[in-house]
Amino acid sequence: MSDIQIPLIDVRIIPPAERHPRIFDLLTSLAPGGVMHVASDHDPRPLHYQIASRYPEQFDWAYLEAGPDTWRVEITRAQASGCDCCCGH
């Protein structure tokens, strides 16, 4: 068993205007292969679409819990996801 702590952003306790900025700050700081969790009181599908459009094929998305009261997802940075910029590398 691993002792690695996976960062969690629980948007239920964050003001709405701060949610996506916090998620994207952590997301873009993940090293290749890095993992984070997001918890919400609704399906975070719009966030998934945003990530996929901003960073195509750079992150994997998996539901850990799918409602009805709590939704949790695991986001993993691809091993060879390259840099954060728009250069495509």
Side-chain angles (χ1 to χ4, degrees):
M1 178 171 255
S2 177
D3 290 335
I4 296 172
Q5 293 291 327
I6 296 175
L8 167 68
I9 294 183
D10 188 341
V11 299
R12 298 171 293 185
I13 60 171
I14 299 172
E18 296 177 23
R19 292 175 182 176
H20 283 202
R22 283 198 197 178
I23 291 168
F24 280 100
D25 283 348
L26 179 55
L27 186 74
T28 58
S29 73
L30 290 175
V35 176
M36 67 180 281
H37 289 170
V38 176
S40 181
D41 60 359
H42 63 278
D43 187 350
R45 189 177 320 201
L47 174 65
H48 186 197
Y49 294 144
Q50 269 191 315
I51 292 169
S53 68
R54 285 188 192 185
Y55 307 102
E57 299 180 26
Q58 292 186 34
F59 295 95
D60 293 317
W61 177 280
Y63 284 93
L64 302 175
E65 195 172 342
D69 297 320
T70 301
W71 297 78
R72 282 188 324 116
V73 296
E74 181 171 271
I75 304 169
T76 306
R77 188 166 203 150
Q79 286 293 340
S81 64
C83 64
D84 294 351
C85 70
C86 60
C87 70
H89 292 104

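In this structure, CG in L47 is found 8.5 Å from NE2 in H42, a value given to the nearest 0.5 Å. How far CZ of R45 is from OG of S40: 12.5 Å, rounded to the nearest 0.5 Å. Going from atom CD of E18 over to atom CD1 of I9 covers 11.5 Å, rounded to the nearest 0.5 Å. Atoms CG and CE, on L8 and M36 in that order, are 8.5 Å from each other to the nearest 0.5 Å.
Residue I14 is grouped with residue I51 when hydrophobic side chains (ILVMFWY) are merged at heavy-atom distances under 4.5 angstrom, including chains of intermediate members. Y49 and W61 fall into different hydrophobic clusters, defined by Ile, Leu, Val, Met, Phe, Trp and Tyr side-chain heavy atoms under 4.5 Å apart, directly or through other members. Taken together through direct or relayed side-chain contacts under 4.5 Å among Ile, Leu, Val, Met, Phe, Trp and Tyr, F24 and V35 form parts of separate hydrophobic clusters.
With respect to V38, the side-chain contact (heavy atoms from CB on, under 4.5 Å) criterion is satisfied by exactly one of I23, D10, L26: I23.
In this structure the side chain of V73 never reaches within 4.5 angstrom of the side chain of H48, judged on heavy atoms.
Residue E74 comes nearest to I6 through the heavy atom pair OE1-CD1, 4.2 Å, listed as atom of the first residue, atom of the second, then distance.
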Using atom types as modelled, flag every donor-acceptor pair under 3.5 Å from a side chain in residues 63-71 to any protein atom, sequence neighbours excluded.
from	atom 1	to	atom 2	distance (Å)
Y63	OH	D43	OD1	2.6
E65	OE1	R72	NE	3.3
T70	OG1	R12	NH1	3.2

